[in-house]
Amino acid sequence: MNLSSLFGGATEYALELPTGDRVRVSAHGGQVLHWSVDDGGELLYLSPDAVIAEGQAIRGGIPVCWPQFNLRGPLPKHGFARNALWRLHGQDETSLLLELTSEDLTDEQRAAWPHAFQLRQKIDLAPGQLTVTLDVSNLGQTPFDFTTALHTYLRVADVAQAQLGGLERTTVWDTQSQTRRAFQPLRLGAAVDRLHHVAPPAGDDTFAELQLTLTTPGRTLTLRQSDTLPDVVVWNPGPDAGIVDLPGDEWRRFVCVEAAAVERPVTLAPGAEWIGWQAMTLQR
Ligand SMILES: O=P(O)(O)OC[C@H]1O[C@H](O)[C@H](O)[C@@H](O)[C@@H]1O
């Protein structure tokens, strides 16, 4: 089934499988807002105070940070893709394909990032599984660089009881203390902002595909990401961040586990294409 409706002023697209699994995506930011599994409830977090407004990012779901992660460049934080209006390019029973190109940007955005690009996002739904794939093409005459993240907000009942496994082989950039260190066990339940980088074995320039496990009482979610996304950002603002669209104790209800390419920007030659994905599977 495929629905289209208006939510917060932006068109919303939805898929539902015969099993009852559902996904909903806003044209604003091309952002997945909800993913639910028939017998497993809602798996993504969306703030009750999230707003969909021009130039603003929606707090929750899966924001697409592109072509810049965080403040690592001249663009506004996390780039423009999460604030832009994406178009539906294709759909079938189990997937949605959204698109954003340089033609869709404002004059101001094009002036700030003067590159001809095509950014596509495919959202694939299978029983107990959601896969989001980004596909970037350089349509211009000169190379461009980008950093990116699928900034996935995973819903948990209490973040202090959540455990994230699978990052043991990574090195860590701690954004809070601005320090780099070897891996140390991650304790959720207080502010955390870490960029984990998968270091390839010496002499090897390839990365093993990452597989992470988010365990909460009664639920285990497996997260995989392509070898083109060699970083994992783990973020939770903790109780004292004072984020306007995260009221009260809402910080406890999620942890962001972001499949990213940040440490080494991706360079795309004219005519070249880059693909990166994150897949989430509910274990039953
Ligand atoms: O509040 P936002 O602009 O959505 O950013 C939320 C967070 O995104 C990432 O996880 C970064 O690592 C954090 O430093 C940042 O605070």
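First listed ligand is number 1; within each ligand, the first listed atom is number 1.
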- Query: Which ligand 1 atoms, with their elements, are less than 4.0 angstrom from a heavy-atom of Phe69?
  - Reply: 9 (C), 11 (C), 12 (O)
- Item | NZ/NE/NH1/NH2 to OD/OE distance under 4.0 Å, Asp174 and Arg181 | yes
- Message: Students should be able to answer this: which protein heavy-atom is nearest to atom 8 (O) of ligand 1, and at what distance?
- Response: His151 NE2, 2.7 Å
- Quick one: look up the protein heavy atom nearest atom 11 (C) of ligand 1 and list residue, atom name and how far away it is. Asn70 ND2, 3.6 Å
- Query: Any idea which part of Leu195 is under 4.0 Å from ligand 1, heavy-atom wise: side chain, backbone, both or neither?
  - Reply: neither
- Item | For Asp193, the ligand 1 atoms whose distance to one of its heavy atoms is below 4.0 Å | 11 (C), 12 (O), 13 (C), 14 (O)
- Item | Numbered atoms and elements of ligand 1 in range of Glu258, under 4.0 angstrom, heavy atoms | 9 (C), 10 (O)
- Pull out every atom of ligand 1 sitting under 4.0 Å from any heavy atom of Val233, numbered as shown with elements. 10 (O), 12 (O)
- Query: Under 4.0 Å from any heavy atom of Arg82, which atoms of ligand 1 are there?
  - Reply: 2 (P), 3 (O), 4 (O)
- Query: Is the ring centre of Phe117 less than 6.0 Å from the ring centre of Trp274?
  - Reply: no
- Around Gln283, counting heavy atoms of other residues, nucleotides and ligands shown, do more than 12 lie under 6.0 Å from its CD? yes
- Task: Please indicate whether any nitrogen or oxygen in Thr175 is less than 3.5 Å from any nitrogen or oxygen in ligand 1.
- Result: no
- Query: Is the closest basic N to carboxylate O distance between Asp245 and Arg59 below 4.0 Å?
  - Reply: yes
- Task: Inspect the surroundings of CD in Glu54 and state if more than 12 heavy atoms from other residues, nucleotides or ligands are less than 6.0 Å away.
- Result: no
- Query: Thinking salt bridges, do Arg87 and Glu99 make one under a 4.0 Å N-O criterion?
  - Reply: yes
- Message: Suppose we measure from atom 2 (P) of ligand 1 to each protein heavy atom; which comes out shortest, and what is that distance?
- Response: Lys77 NZ, 3.5 Å
- Message: Given 3.5 Å as the limit, does a donor-acceptor pair link the side chain of Gln225 with the main chain of Ala279, or not?
- Response: no
- Output the list of atoms in ligand 1 that are nearer than 4.0 Å to some heavy atom of His78, sorted by atom number. 3 (O), 5 (O), 7 (C), 8 (O), 9 (C)
- Item | Ser102 backbone acceptor or donor facing Arg110 side chain under 3.5 Å | yes
